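One structure below.
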Amino acid sequence: MILLTGATGTVGGLVARRLPIDEPVRLLSRDPARAAALAGPGAEVVGGDFEDPASLRRALTGVRSALLVTANPLTNAHDENFLTAARAAGVGHAVKLTTLSVTEPDATDLITQWQRENERLLRASGLSWTLLRPRAFMSNTLGWARSIRAEGVVRGADGTVATAAIDPRDIADVAVRALMDPAGHAGRAYALTGPAGVTPVQQTEILGELLQRPLKFVELTTDQVLQGLLARCPEPIARALAESAARGRDGSKGQVEPDVAELLGRPGRGYREWATERLAEFG
Ligand SMILES: NC(=O)c1ccc[n+]([C@@H]2O[C@H](COP(=O)([O-])OP(=O)(O)OC[C@H]3O[C@@H](n4cnc5c(N)ncnc54)[C@H](OP(=O)(O)O)[C@@H]3O)[C@@H](O)[C@H]2O)c1
């Protein structure tokens, strides 16, 4: 049995759709009805919350490997609770979604520190583990969809700074391999990037070409970006995201890593391929 946390989210949802049909899979969500609506035929759905250890123990019974996706950078208790329950249930292997910035010594923002500690907890847990460390998801640009539809405009910062953003489908493809073959991926940490650095201005051009209408990129000041983040996120998270963006201005996040191509036997999907698949949301 494979257990997926984050199963209603971006990566977990893609993993659920990619596991072999004959592989027993259980999806954990705080909202099992919603997860059931997304689940493929044959998938088991279980209610569970990282804040509720008893629900985790129930969900992990009979599980051999699990995908661990946590999403609250204000606490490490979610990872801690999950790992305690997993150890008690005899789970063999955990595949953990973390972030590539943990490898960068100058990255000291709250989100990176949170994931560093989550990684430490997993390494100390006694479970065997695989770390998936992605660069920014291409799907973050879905945040532009509303202003593109309404005004043909993308508002963002650092328009000419390249990031080797990754298609979440490639993260999911790697996750499936690690979940299906724990021994082959135990003790490995994968740096997951897209096949090329791409700037927000280039992403805007690609979306305009695909939509067959000109789009305008409007550069925001760092203060405007911070105000936008503060409107959407708790202050410590908004500040961490702004700090991370500032660090990327030296261009280092544009570096392409070989792991995706080596693991999947093909190059990672580019931004044009991702955008083509999701175009209806921008049109
Ligand atoms: N976005 C990026 O650019 C990026 C880059 C690098 C790393 N990451 C990492 O990716 C992870 C997020 O992955 P994602 O984008 O695939 O997730 P997501 O779409 O943000 O979804 C979050 C998932 O977490 C689950 N969740 C939240 N709180 C929970 C709780 N208390 N108990 C149980 N489940 C809970 C939600 O499930 P329910 O609501 O159904 O319970 C949902 O499925 C984070 O760890 C982040 O650091 C993201």
Side-chain angles (χ1 to χ4, degrees), residues 3-18 26-39 43 45-60 66-83 85-86 94-104 107 109-119 121-122 131-143 163-172 174-175 189-194 198 200 203 229 232-233 237 240-241 244-245 247-248 253 257 271 274:
L3 178 92
L4 304 180
T5 66
T8 57
T10 303
V11 173
L14 290 164
V15 173
R17 291 194 282 285
R18 282 167 154 70
R26 190 179 290 159
L27 313 181
L28 179 139
S29 171
R30 290 166 299 174
D31 183 351
R34 184 161 150 253
L38 299 170
V45 174
V46 62
D49 189 322
F50 292 127
E51 309 251 327
D52 176 2
S55 74
L56 298 176
R57 283 195 294 276
R58 279 194 300 276
L60 284 161
L67 176 69
L68 177 53
V69 180
T70 52
N72 183 351
L74 300 178
T75 178
N76 292 104
H78 290 185
D79 286 73
E80 225 163 350
N81 290 345
F82 182 87
L83 294 171
V95 177
K96 164 77 187 158
L97 184 58
T98 159
T99 182
L100 188 48
S101 59
V102 298
T103 61
E104 294 153 6
D109 64 90
L110 175 93
I111 297 171
T112 303
Q113 291 193 45
W114 167 69
Q115 291 284 31
R116 277 199 192 106
E117 175 61 9
N118 288 336
E119 289 194 2
L121 290 166
L122 177 54
L131 300 172
L132 309 183
R133 294 172 170 163
R135 192 52 92 198
F137 299 178
M138 291 178 181
S139 50
N140 294 349
T141 60
L142 287 170
T163 299
I166 181 160
D167 187 324
R169 291 176 295 178
D170 288 336
I171 306 174
V174 172
Y190 297 127
L192 305 179
T193 69
V198 60
Q203 289 171 314
L229 289 167
R232 295 197 304 275
C233 319
I237 295 174
L241 291 169
S244 171
R247 207 178 56 248
K253 292 184 181 180
E257 300 292 343
Y271 187 73
W274 176 85

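Order of listing sets the numbers, starting from 1, for every ligand and every atom in it. Everything numeric in this text was worked out from a predicted model, so none of it was measured.
Side chain of T5 to main chain of L67: a donor-acceptor pair is present (N/O by atom type, distance under 3.5 Å, no hydrogens or angles). In this structure, the side chain of R26 engages the main chain of A59 through a donor-acceptor pair within 3.5 Å. Of the possible donor and acceptor atoms, none in the side chain of W274 sits under 3.5 Å from a partner among the backbone N and O of R169. No donor-acceptor pair closer than 3.5 Å links the side chain of T98 to the backbone N or O of R133. At least one donor-acceptor pair under 3.5 Å links the side chain of N76 to the backbone N or O of W114. Listed for the R116 side chain is a donor-acceptor partner under 3.5 Å among the backbone atoms of V102.
For ligand 1, the polar-atom distance check against F50 finds a nitrogen or oxygen pair separated by under 3.5 Å. The N/O atoms of G12, backbone and side chain alike, include none that comes under 3.5 Å of an N/O atom in ligand 1. Taking distance alone, with nitrogen or oxygen atoms compared against 3.5 Å, D31 stays at or beyond that limit from ligand 1. Between R30 and ligand 1, at least one pair of N/O atoms sits closer than 3.5 Å.
For ligand 1, the atoms closer than 4.0 angstrom to any heavy atom of P134 are 6 (C), 7 (C). Listed by number with element, the atoms of ligand 1 under 4.0 angstrom from any heavy atom of S29 are 38 (P), 40 (O), 41 (O). Under a 4.0 Å criterion applied to the non-hydrogen atoms of W114, ligand 1 contributes the atoms 45 (O), 47 (O). For ligand 1, the atoms sitting less than 4.0 Å from at least one non-hydrogen atom of G6 are 23 (C), 43 (O), numbered in the order shown with element in parentheses. Listed by number with element, the atoms of ligand 1 under 4.0 Å from a non-hydrogen atom of V11 are 16 (O).
Of the candidates T8, L38, L192, T8 brings a heavy atom nearest to atom 37 (O) of ligand 1. The option with the heavy atom closest to atom 3 (O) of ligand 1, from among N140, L28, D52, is N140. When V69, T70, T99, L97 are ranked by how near their heavy atoms come to atom 44 (C) of ligand 1, first place goes to T70.
Among all protein heavy atoms, the one lying closest to atom 21 (O) of ligand 1 is G9 CA, 3.5 Å. Ranking protein heavy atoms by distance to atom 15 (O) of ligand 1, first place goes to F137 CE1, 3.5 Å. For atom 20 (O) of ligand 1, the closest heavy atom belonging to the protein is A71 CB, 4.7 Å. With respect to atom 31 (N) of ligand 1, the closest heavy atom belonging to the protein is D49 OD1, 2.9 Å. From the protein, the heavy atom lying nearest to atom 46 (C) of ligand 1 is Q115 NE2, 3.8 Å.
In this structure, L121 and F82 have side chains that are not in contact, with every pair of non-hydrogen atoms separated by 4.5 Å or more. E104 is not listed as a side-chain neighbour of T112, based on a closest heavy-atom distance of 4.5 Å or more. In this structure the side chain of R135 never reaches within 4.5 angstrom of the side chain of E257, judged on heavy atoms.
Closer than 4.0 Å to atom 1 (N) of ligand 1 lies at least one heavy atom of the protein.
With a 4.0 Å heavy-atom cut-off, ligand 1 is reached by the backbone of R135 but not by any atom from C-beta on. Residue contacts with ligand 1 for F82 are absent, since no atom lies close enough (heavy atoms, distance under 4.0 Å). Contact annotation for T98 and ligand 1: only backbone heavy atoms (N, CA, C, O) come within less than 4.0 Å of the ligand. Under 4.0 angstrom from ligand 1, the non-hydrogen atoms of T10 come from both its backbone and its side chain. Under 4.0 angstrom from ligand 1, there are no non-hydrogen atoms of N72.
Checked against I171 for a side chain to side chain contact (heavy atoms under 4.5 Å, CB included), the options T10, L14, I166 give a single hit: I166.
Side chain to side chain, T70 and D79 meet the donor-acceptor criterion of an N or O pair below 3.5 Å.
For the ligand labelled ligand 1, residue H78 lies inside the 4.0 Å heavy-atom shell.
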